[in-house]
Amino acid sequence: MTRRSCAIYATGIVCAHLLILGIALLVAQVFQTMIQERIKKEITLGENSRVLDGWINPPPPVYMQYFFFNVTNSEAFLAGREKAKVTQIGPYTYREYRPRENVTFLENGTKIFATNPKSFVFLRNMSSGDPEVDRVITVNIPFIAVMNELYSYSFFLRTAVSMWMGSMGIEVFMNRTVHEVLWGFKDPLLSKIHAMRPEVNENFGLMYNKNGTHEGEFVFHTGEKNYMDYGKIDTWNGISRMNWWSSNQSNMINGTDGSVFHTFLSRKELLYIFAADLCRSIHLGYVADTEVKGIPAFRFAPPSDVLAPPDENPSNAGFCVPAGDCLGKGVLKVSVCREGAPIVVSFPHFYQADERYINAIDGMNPNEEEHETYLDINPTTGVPIRACKRAQLNVILKRVPGFPKTKFLNETIFPIMYVNETATIDDESAAQMKTLLLIVTVVSNFPVIIVGLGAILLVVLIFLVCRNRQRKTTKDETAYTQVSNQAEDSPENRTNQPLRNGSYIAMSPVEAQNFHCAIRLRGPAPARSPPFAESRLTRFLEHGLSNCHMFSQNTCKLKAPTSVSGFPEALLPSPARPETHSLAF
C-alpha cells in the first residue's frame, strides 16, 4: 500500500470519527448542559460566589436626574381662565452611591440580609443649572395635604382653617429653589402644626431625609437552592406581604429589586421587580434584542397594562383604595403609603396614560425614547447591562368646599417633577463579561466545531480520492515516442530510425559535454515494455534528471556529462543522429 493510499484511508477514518462524535454531542447537547450547570452554580449570592462583591458594591456608576415642571400661569389657572401651563426645567444630575451594608447570610447560606443606603452628590457639569439658585413655581404640597386631610371634616372647620392659612400668606402654589423642593425646607404651615402636634415633621422636601438613608431591610434568596430564585426578595422590613392594597395579589412582594435576575432568560417570560418607592411590584415584558458595548441583551420594559384600570387589566383592581376608587389608565394613587398625601405616580409626561391627563396640562409631550422605563439584560448571566428607571410624581388638585381658592378647580392630576435614574455597565466589567460570554459560546458550540472539522476533512478526502484516480488513469495512458523535426513516416526518418525495442526510443551517444535530452508528455501507452530497457532507462533518467532545466511546460533538457553505459547498442542511435531527442509520456 502506497503512502498516498495510507493518507486517504487515515483521512477517511478521522473524518468519520469527527462527524459521528460531533453529531452525537450536538444531539445530546452535552456541552450546552455542562456550561449551563456551571454558570447556574457560579452566579449566586453565596459566600464564595464571584458575583457577590459586585452585588455588594456595584461598579457601574448610577446617575439620578431630576426634572421639574415650572408653572407659568398659576393665577390664571386658579381663576379658571386657563388650563395649567408648565415648562420643564432640568436636569439636575446627582451621582448616586448605593453600596449594600450589614450583609448577613441566613439559613445555611440560602438567604442573605442587607440594607441599601443611597447617597447623592451633585454634578454641576451634567446639570442645566444650580439647584440652590434656580427657582421653581410648583404646587404647595403641604397645603394640599392639609386640605385633603380636612376633606371629611365639617364645612365650618374647613373654612376656619382656610382663613387661618390665608392670614399666614400660604397659597396653593409656592415659589422655592429647586434645592429646597428637593432636599427640604422648614415649611411655615407644618411648623405651626408641629407646635400643636409634635409628631408632625415641620420640614418638607420630596427627597427630605433620603440622602444617606435606605428604603428598608431586605432579605434575598441567594439562588443556592434554585437558580430561578437568584436575587428574589423574601421579605421587606420583616414582611413578605404588604397590607396597603385591597387584594392579596396586589399586596404580594414579587421579584427582585432590579439589580439582578436569574440566568438564561427567555424572551417569553415576565420579569417582576419590587419598587419600594411605588409601594408595589411591577412586571416587565420582552421588547427587543439589543446590544450594549458589544454585549448582547434583551430589552424588557413595563407593558401598557401595568398601570391600566381594572376594566382593562382586572388584576389591578386591588390597587384601587378604597375598593372601586380607581383612577384612569397610566396613573397610580399611592396615598396609602404616603401618609395620606394625595400623591399619584405615573411615567414621565403621562407616557402610556389616558389622553385626558395629557390634555389637562399644557406642556406634556410624552414619547418612548425619553420617557420609557426599560432594562437591557444579558440573557445568559441575568446581569442588567443598561438600566433606565423613569417615574413622575404628581398630586391631585380638586375643589374642596370651605377653601375658596379652589372653587374654580376641576380634579386634575398635576405634575410636580420626574426622575431619570440610569446606569450602564463600566468598560472593565464589560470586558470581563465579553470574555465570559466568549468562553460560553466556544464551549457550547464545541460539537459544531468538531462537525465543521469533520466536514473539512470530508472535502479533503473527496479531493484525494479524485486525485488518486486521475493519477492512475494518466499512468495507464503513458507511451514513449520519438520527437523529431522530420515527419515520422518520411523515408529519411525510416532510414535513420534507430532500432527500437518495444516502444522505447533510441538515444544518441554521449560524447560531448553538452549532451541534451528533452522529456515531454505525449502519446498513448505501449502495450508492454522490455524489462531490460526499462531498468536501464530508469537508471539513466534518475542520473540525468537532477540536472534537468525546464524550457517549456512539459519539457526539460539535461545539461551534464552523462554516461549511458549499460545500454545495449540496439538502443543507441548512430553518431549521425541529432544530439537532442525528446522522450514523451
Side-chain angles (χ1 to χ4, degrees), residues 110-111 116 215-221 223 225-262 265-287 300-347 350-354 357 372-375 377 382 389-394 396 413:
T110 60
K111 296 179 182 179
N116 191 197
E215 294 178 329
E217 299 177 342
F218 289 86
V219 174
F220 303 90
H221 291 277
K225 281 187 176 181
N226 185 349
Y227 82 99
M228 293 292 290
D229 291 334
Y230 168 59
K232 285 187 176 179
I233 298 172
D234 181 56
T235 62
W236 174 58
N237 287 333
I239 60 174
S240 58
R241 185 184 298 271
M242 298 173 289
N243 55 12
W244 296 319
W245 308 109
S246 58
S247 72
N248 291 331
Q249 181 179 359
S250 300
N251 281 317
M252 293 176 65
I253 299 175
N254 294 323
T256 72
D257 63 351
S259 61
V260 294
F261 297 90
H262 68 81
L265 295 174
S266 167
R267 294 180 179 88
K268 297 181 180 180
E269 64 181 304
L270 293 177
L271 302 182
Y272 285 86
I273 297 175
F274 174 70
D277 52 348
L278 299 180
C279 311
R280 60 165 290 184
S281 297
I282 63 172
H283 62 271
L284 290 78
Y286 169 79
V287 176
F300 286 84
S304 58
D305 66 350
V306 168
L307 298 179
D311 56 344
E312 295 183 21
N313 184 3
S315 61
N316 283 342
F319 295 111
C320 301
V321 179
D325 184 12
C326 304
L327 299 177
K329 180 180 179 180
V331 296
L332 173 68
K333 187 177 179 180
V334 293
S335 301
V336 291
C337 62
R338 290 290 181 269
E339 299 179 353
I343 303 298
V344 174
V345 294
S346 67
F347 294 119
F350 297 111
Y351 174 70
Q352 292 185 340
D354 196 308
Y357 301 127
E372 181 184 45
T373 293
Y374 64 83
L375 284 175
I377 307 171
K389 176 185 175 183
R390 293 156 172 167
Q392 181 170 297
L393 182 71
N394 314 274
I396 300 176
I413 307 297

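Heavy-atom basis, side chains included; hydrogens, waters and symmetry copies ignored.
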**Message:** Donor-acceptor pair, distance only, cut-off 3.5 Å: does the side chain of Asp305 make one with the backbone of Asn313?
**Reply:** no
**Asked** By ring-ring contact (aromatic ring centres under 6.0 Å, His included), which residues pair with Tyr227, not counting sequence neighbours?
**Response** none
**Item:** Separation of Leu307 CG from Glu312 CD (nearest 0.5 Å)
**Value:** 11.0 Å
**Request:** Could I get the full list of ring-ring contact (aromatic ring centres under 6.0 Å, His included) partners for Tyr272, not counting sequence neighbours?
**Result:** His283
**Request:** Could you go through the salt bridge (Lys or Arg N to Asp or Glu O under 4.0 Å) check for Lys111 and Asp229 one step at a time?
**Result:** CA-CA 10 Å; Lys111 296 179 182 179; Asp229 291 334; over 6 Å; no
**Prompt:** Counting distance only, does the side-chain N/O of Ser281 pair as donor-acceptor with the main-chain N or O of Asn254 below 3.5 Å?
**Reply:** yes
**Asked** Applying side-chain hydrogen bond (donor to acceptor under 3.5 Å, both in side chains), which residue pairs with at least one partner in residues 316-340 are found, sequence neighbours left out?
**Response** none
**Prompt:** Do Ser346 and Asn394 have side-chain heavy atoms sitting under 4.5 Å apart?
**Reply:** yes
**Fill in**
Taking every heavy atom of Trp244 against every heavy atom of Cys279, the minimum-distance pair comes out as CZ3-CB, 3.6 Å
**Complete:** Of all heavy-atom pairs linking Ile343 and Leu393, the shortest is CG2-CD1, 3.1 Å
**Item:** Minimum heavy-atom distance Asn251-Asn243, with the two atoms named
**Value:** OD1-N, 3.6 Å
**Message:** Using side-chain heavy atoms (C-beta onward) and a distance below 4.5 Å, is Asp277 in contact with Lys389?
**Reply:** yes
**Message:** Within the 4.5 Å heavy-atom criterion, are Phe347 and Pro302 side-chain neighbours or not?
**Reply:** yes
**Request:** Go through the steps for Val334 and Leu278 under the test side chain to side chain contact (heavy atoms under 4.5 Å, CB included), then give the verdict.
**Result:** CA-CA 7 Å; Val334 293; Leu278 299 180; 5.6 Å; no
**Item:** Of Leu270, Ile273, Leu271, the residue whose pairing with Phe300 passes side chain to side chain contact (heavy atoms under 4.5 Å, CB included)
**Value:** Leu271
**Prompt:** Parallel, tilted or perpendicular: which fits the ring planes of Phe218 and Phe220, with parallel below 30° and perpendicular above 60°?
**Reply:** parallel
**Request:** Side-chain contact test, heavy atoms from C-beta onward, threshold under 4.5 Å: evaluate it for Tyr286 versus Lys268 and give yes or no.
**Result:** no
**Request:** Would you kindly check if the NZ (Lys) or CZ (Arg) of Arg280 is within the cone defined by 45 degrees around the ring axis of Phe319 and under 6.0 Å from the six-membered ring centre?
**Result:** yes
**Request:** Compare all side-chain heavy atoms of Thr256 with those of Phe274 and state whether any distance is below 4.5 angstrom.
**Result:** no
**Prompt:** How about Val344 and Leu327: do any of their side-chain heavy atoms sit closer than 4.5 Å?
**Reply:** yes
**Message:** Measuring only between side-chain heavy atoms, which start at C-beta, is Thr373 closer than 4.5 Å to Tyr351?
**Reply:** no
**Prompt:** Nearest heavy-atom pair of Pro303 and Leu284: which atoms, and what distance?
**Reply:** CD-CA, 4.3 Å
**Request:** Might you point out which heavy atoms bring Ser247 and Gly318 nearest each other, and give the distance in Å?
**Result:** OG-CA, 3.3 Å
**Message:** Tell me if a side-chain donor or acceptor on Ser250 pairs with a main-chain N or O of Trp245 at a distance below 3.5 Å.
**Reply:** no
**Asked** Can you tell me if Glu269 uses its side chain to pair, donor with acceptor, with the backbone of Ser266 under 3.5 Å?
**Response** yes
**Request:** Kindly indicate whether the side chain of Ile253, heavy atoms from C-beta on, has any atom under 4.5 Å from the side chain of Met242.
**Result:** yes
**Separation of Asp234 CG from Ile239 CD1 (nearest 0.5 Å)** = 12.0 Å
**Asked** What heavy-atom pair brings Cys320 and Pro310 nearest, and what distance separates the two atoms?
**Response** SG-CG, 3.8 Å
